[in-house]
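Scroll down for the structure; my scribbles are underneath it.
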Amino acid sequence: MTEFTPFASLLGGALIGLAAVLLMAVHGRIAGMTGIVSGLLVPQGDWGWRAAFLAGAVAAPAAIVAVLGPAAIPFESLVPLPWLAVGGILVGIGVTFASGCTSGHGVCGLARLSPRSLAAVITFMATTGITVFLVRHVFGGF
C-alpha cells in the first residue's frame, strides 16, 4: 500500500504549479514535459530554456536527495524492469496521440480552461483506472 504523504504531496504540487506559472510568465510557454523534451530532441531556436528547465527538473530532486540522504525518498518497484519499459513506451505513444502529457494538459491546459486538455485528462484518468483494475484484479497484479 502507498503511504499517505499530504505535506510532501502538497509541497510538490505547489512547486509544479509555481514552475508552470513562472515559465508562462517569463517565457510565455506551457510547462508540458513532452513538448519541452521534444524541442530538445528536434532542436529549435529556443533550445536554451528547454535545457535549463529539464536540467532543473532533474537537479532539484537530486539536490534534495543529496541533502536529506537517499532514505528520504524511498523507492521500490515490484514491477519487473521489462514491464516498466513497456509501460514507458505505451506512455510515449499515448502522449504522442494526445499532443501532450499530464503536465501540459492537466496542470497547464486545465488552468487555461482548454476543452482539448479536459478531454485529454479525462482520457488519461479513465485509461489509468482501467489499467490499474485490469492489472490488479484481472491479470493477478503486482
Side-chain angles (χ1 to χ4, degrees), residues 1-44 46-47 49-142:
M1 191 54 96
T2 305
E3 290 183 34
F4 180 61
T5 57
F7 178 71
S9 301
L10 180 63
L11 179 62
L15 290 173
I16 290 169
L18 178 63
V21 167
L22 287 174
L23 187 61
M24 180 60 80
V26 174
H27 289 286
R29 306 299 266 174
I30 295 171
M33 292 305 283
T34 302
I36 292 170
V37 171
S38 68
L40 285 174
L41 297 176
V42 180
Q44 302 169 4
D46 56 357
W47 191 87
W49 75 262
R50 292 173 189 271
F53 191 90
L54 189 58
V58 172
I64 291 170
V65 169
V67 170
L68 299 179
I73 305 174
F75 176 78
E76 178 184 354
S77 176
L78 301 177
V79 180
L81 187 58
W83 280 105
L84 291 175
V86 168
I89 290 168
L90 290 174
V91 168
I93 292 168
V95 300
T96 300
F97 285 130
S99 297
C101 57
T102 52
S103 59
H105 286 300
V107 175
C108 301
L110 292 180
R112 294 180 298 114
L113 303 176
S114 165
R116 187 176 76 136
S117 290
L118 178 60
V121 170
I122 290 170
T123 303
F124 294 153
M125 295 298 111
T127 303
T128 301
I130 291 167
T131 301
V132 168
F133 177 81
L134 289 174
V135 168
R136 289 192 176 175
H137 301 289
V138 176
F139 300 125
F142 288 102

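- In terms of heavy atoms, Thr127 sits closest to Thr123 at OG1-O, 2.7 Å.
- Distance check, rounded to the nearest 0.5 Å: CG of Leu134 to CD1 of Ile130 gives 7.5 Å.
- Taking every heavy atom of both residues into account, Gly109 and Ser117 meet most closely at CA-OG, 3.3 Å.
- In this structure, Cys108 and Ile30 approach most closely via the heavy-atom pair CB-CG2, 3.4 Å.
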Would Asp46 and Arg29 count as a side-chain contact (heavy atoms from CB on, under 4.5 Å) here? Give the steps. CA-CA 11 Å; Asp46 56 357; Arg29 306 299 266 174; 2.7 Å; yes
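- In this structure, Leu110 and Leu118 approach most closely via the heavy-atom pair CD2-CA, 3.6 Å.
- When atom types are taken as modelled, the side chain of Arg50 and the backbone of Gly35 share a donor-acceptor pair closer than 3.5 angstrom.
- Between atom CZ of residue Phe124 and atom OG1 of residue Thr128 there is a gap of 9.0 Å, rounded to the nearest 0.5 Å.
- Going from atom CD1 of Ile16 over to atom CG of Leu11 covers 10.0 Å, rounded to the nearest 0.5 Å.
- The two residues Val107 and Ala20 come nearest to each other via the heavy atoms CG1-CB, 4.0 Å.
- Heavy-atom contacts from other residues, nucleotides or ligands closer than 6.0 Å to CH2 of Trp47 number 12 or fewer.
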Leu54 and Met33: CA distance, side-chain angles, deciding distance, side-chain contact (heavy atoms from CB on, under 4.5 Å) verdict: CA-CA 8 Å; Leu54 189 58; Met33 292 305 283; 3.4 Å; yes
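- Residue Cys101 comes nearest to Val95 through the heavy atom pair CB-CG1, 3.6 Å, listed as atom of the first residue, atom of the second, then distance.
- Checking side-chain atoms of His105 against main-chain N and O of Ala98 turns up a donor-acceptor pair under 3.5 Å.
- Relative ring orientation between Trp49 and Phe53 is described as perpendicular, the plane-to-plane angle rising above 60° on a 0-90° scale split at 30° and 60°.
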